[in-house]
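Working notes, structure below.
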Amino acid sequence: MVMTTREELESVCKRRGFIWQSSEIYGGEAGFYDYGHLGARLKDSWEEQWKDFFLSLDQNYHLVYTPNILPYRVLESSGHVEHFSDVLIKCNRCGNSFRGDHLVEDVTGESAEWMGKDEIKNKVEELNISCPDCKGDLGDAEDFNMMFEVDIGPKGERKGFLRPETAQGTYMNFPREYRALRRNMPFGLATVGPAFRNEISPRQGVYRMREFQQAELQIFFIPSIHDALFEERLEEVAYTEIPVMRTGDDMKKMISVDEIKDLPAYYIYHLSKIYEFYKDIMEIEGDIRLRELSSEERAFYNKIHFDVEINMKSLGGWKEVAGLHYRSDHDLSQHQEGSNKKMSVPADGERKVPHVIELSFGVDRNIWALLDLGYRTGDRDWLTIPDKLAPYQVAVFPLVRKDGLLEKSEEVFNKLNTKFRTFWDVSGSIGKRYARQDEIGTPYCVTVDYDTMEEDSVTIREIKTTEQIRVSITQLEEILQKLTEKEKLFDDYMG
RNA sequence: GCGGCUGUGGUCCAGCCUGGUUAGGACUCAAGCUUCCCAAGCUUGAUGCCCGGGUUCGAAUCCCGGCAGCCGCACCA
């Protein structure tokens, strides 16, 4: 049976060492989470696998790191200063707050998103708008910015923000990397790091946090020139079926890439590769869909936008964990205008500003998805998680703690620990030790027993079936290597 | 941010209404015994009333404020 409630899952996470609220001993602060000793290893492995997978798609996809703090002007150019803040108006009578632009739009029927604080206040007075909830008088308009503002310099003389997304740092590096990469296009710049949003009310655990981790890959290209290249690569994914839900569909269906040929090749190619990552690396198949967002749902600069959604019981259904956004030349054009630096490159006999396709992953949400889909309860509580991602890959036990088995098991542990993330446990009954590893998703348990002392062999128990095989210690490392690398199945060694 | 409910060892909960022995249970954890393969048993032990203020001879319990969590509303370029 699959674990259903967030309470149960959060309880295990706290008890065993995965994830819990940050600054807990002082009462905590909403929207901030710590990763414990198991959670940190899981997250770390996920990020490693993510980098390995996406950077190997093309030898011209690379990793960069940029600061968490960005100067005011950067986010002014990107549009975040304007679009990431809302004007809120509070009712003098009932105290409820409303978005000022929505109040105005409801009356005028025209977009008021461009309006500033004073304009909205004047418009509300002019149109005589009262509180939608209680009809009371509305108070002053106030700016609310979702970005954390920081003061830079000893006297705080310059304003900056904690970045609301990692992408802007990457975009600003386009001209430098364009030259450093010897003008080879297309190229991709990936980054993994924190981003910050001052959410009004963070809820649903790690799903909406004020500080969270992003893993993003921005690909820079010129559609008219590089379309052909991606068209060729479609052959790579031609036989893949992907679970797609187009706008207007009410459920997903498995389709081949031929059936979404209305989308550009660079888009289809990366969409398929994203699904491949979920299928092969995260081993998620049934509870995933690639959902296309309608023009109302997506931001105006996203010309094509699919979200990766995973069906998570603990969060009540389909939840976004990643997105693929075709952002056209919006980002580089904005920075070209704001910085007065040339972002265009020679193409087709003129200068063109490259387009961007962005692969954006919420790391914490993906970690949560692994835990949500992986936990099973019933006869035993166990976590099913890919071997390469598991916090510990192997555990080593002595069957009993006497007659030299304890010492022998320590030898085996020391040998394996250099190759795998290995755990050694000697306390409690053997059954209890298996159960402990079940709960944290350790795929293989190696047990030293009395036969070990005579013939130098041990048993390996697989978490999925609890079946065991007996192997000689000389072959142990090699067999575990093949199992964790998925070169062999456990079944192959049975019988 | 607004309203309702909630906050007790590591986890989950009882106690609170009606203030008063040493705050109780289950699981967990540690040490030891036992143990030839799936949370067994025995012994011993560790850890707790979210924070701050008030009322009172006395507060886990009543009152006020804060913080956090859940649900609903709003928010989520």
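In the text below, chain A, chain B and the rest are named by the order of the sequence lines, each starting its count at 1.
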Return the value, rounded to whole Å, for the distance between atom [atom1] of [X] and atom [atom2] of [N].
{"X": "A/Leu406", "N": "B/U34", "atom1": "CG", "atom2": "C1'", "result": "15 Å"}
{"X": "A/Arg210", "N": "B/C75", "atom1": "CZ", "atom2": "C1'", "result": "12 Å"}
{"X": "A/Lys464", "N": "B/C38", "atom1": "NZ", "atom2": "C1'", "result": "18 Å"}
{"X": "A/Asn145", "N": "B/C75", "atom1": "CG", "atom2": "P", "result": "17 Å"}
{"X": "A/Lys432", "N": "B/U28", "atom1": "NZ", "atom2": "C1'", "result": "7 Å"}
{"X": "A/Gln204", "N": "B/C75", "atom1": "CD", "atom2": "P", "result": "16 Å"}
{"X": "A/Arg15", "N": "B/C12", "atom1": "CZ", "atom2": "C1'", "result": "9 Å"}
{"X": "A/Glu10", "N": "B/G69", "atom1": "CD", "atom2": "P", "result": "10 Å"}

Short of 4.0 Å, heavy atom to strand atom, which residues of [range] count as contacting RNA chain B?
{"range": "residues 437-455 of chain A", "answer": "A/Thr447, A/Asp449, A/Tyr450"}
{"range": "residues 468-478 of chain A", "answer": "A/Gln468"}
{"range": "residues 19-32 of chain A", "answer": "A/Gln21, A/Gly27, A/Gly28, A/Glu29, A/Ala30"}
{"range": "residues 288-307 of chain A", "answer": "A/Ala299, A/Tyr301"}

Base, sugar-phosphate or nothing for [X]? Non-hydrogen atoms, less than 4.0 Å.
{"X": "A/Ser201", "result": "base"}
{"X": "A/Arg203", "result": "base"}
{"X": "A/Ser427", "result": "sugar-phosphate"}
{"X": "A/Arg433", "result": "nothing"}
{"X": "A/Leu399", "result": "base"}
{"X": "A/Glu165", "result": "base"}

Check the phosphate of [N] against [X], side-chain N and O only, distance under 4.0 Å to OP1 or OP2. Yes or no?
{"X": "A/Arg6", "N": "B/C70", "result": "yes"}
{"X": "A/Lys402", "N": "B/C36", "result": "yes"}
{"X": "A/His102", "N": "B/A74", "result": "no"}

To the nearest 0.5 Å, how far apart are [atom1] in [X] and [atom2] in [Y]?
{"X": "A/Asn302", "Y": "A/Arg327", "atom1": "CG", "atom2": "CZ", "result": "5.5 Å"}
{"X": "A/Leu383", "Y": "A/Ile463", "atom1": "CG", "atom2": "CD1", "result": "6.5 Å"}
{"X": "A/Ile284", "Y": "A/Leu370", "atom1": "CD1", "atom2": "CG", "result": "5.0 Å"}

Among A/Arg289, A/Lys252, A/Lys319, the one residue meeting side-chain hydrogen bond (donor to acceptor under 3.5 Å, both in side chains) with A/Glu309: A/Arg289
Using the rule given for salt bridge (Lys or Arg N to Asp or Glu O under 4.0 Å), can you reason through A/Glu149 versus A/Lys159, listing the C-alpha separation, both sets of side-chain angles and the distance that settles it, and then say yes or no? CA-CA 7 Å; A/Glu149 210 172 297; A/Lys159 260 169 63 169; 3.6 Å; yes
Less than 3.5 Å between a donor and an acceptor, one on the side chain of A/Thr459 and one on the base of B/C37, is that the case here? yes
Kindly say whether, by distance alone, the side chain of A/Arg436 makes a donor-acceptor pair under 3.5 Å with the base of B/C29? no
Check whether more than 12 heavy atoms from other residues, nucleotides or ligands sit under 6.0 Å from atom OH of A/Tyr65, and answer yes or no. yes
Should we say atom NZ of A/Lys419 is surrounded by more than 12 heavy atoms from elsewhere, each under 6.0 Å from it? no
Shortest non-hydrogen separation from A/Ala390 to A/Pro443 and the atoms involved: CB-CD, 3.7 Å
Non-neighbouring partners of A/Glu125 that pass salt bridge (charged side-chain N to carboxylate O under 4.0 Å, His left out), sequence neighbours left out: A/Lys121
A/Glu297 bridged to A/Arg291 by N-O distance under 4.0 Å: yes
Aromatic contact between [X] and [Y], with the criterion being ring centroids under 6.0 Å apart: yes or no?
{"X": "A/Phe18", "Y": "A/Tyr35", "value": "no"}
{"X": "A/Phe397", "Y": "A/Tyr434", "value": "yes"}
{"X": "A/Phe148", "Y": "A/Phe161", "value": "no"}
{"X": "A/Phe212", "Y": "A/Phe196", "value": "no"}

If you find the nucleotide of RNA chain B closest to A/Ser429 and the one closest to A/Ile200, which residue's nucleotide is nearer the 5' end? A/Ser429
Pairing of RNA chain B as dot-bracket, 5' to 3': ( ) intra-strand, [ ] crossing, | other strand, . unpaired, with Watson-Crick or G-U pairs under 3.5 Å? (((((((..((((......[...)))).(((((.......)))))....(((((..]....))))))))))))....
Assess the side chains of [X] and [Y]: does a donor N or O sit below 3.5 Å from an acceptor N or O?
{"X": "A/Tyr301", "Y": "A/Asp331", "value": "no"}
{"X": "A/Thr442", "Y": "A/Arg436", "value": "no"}
{"X": "A/Glu455", "Y": "A/Ser457", "value": "yes"}
{"X": "A/Trp382", "Y": "A/Thr377", "value": "no"}

[atom1]-based separation of [M] from [N] [nearest Å]:
{"N": "B/C17", "M": "B/G53", "atom1": "P", "answer": "22 Å"}
{"N": "B/C12", "M": "B/G69", "atom1": "C1'", "answer": "15 Å"}
{"N": "B/U28", "M": "B/C75", "atom1": "C1'", "answer": "40 Å"}
{"N": "B/U22", "M": "B/G48", "atom1": "C1'", "answer": "15 Å"}

Nucleotide nearest A/Lys14 when distance is taken to its side chain, options B/A40, B/A74, B/C12: B/C12
Check every atom of B/A39, B/C37, B/U35 against the side chain of A/Val400 and return the nucleotide holding the closest atom. B/U35
Donor-acceptor pair, side chain of A/Asp44 and main chain of A/Trp46, under 3.5 angstrom: no
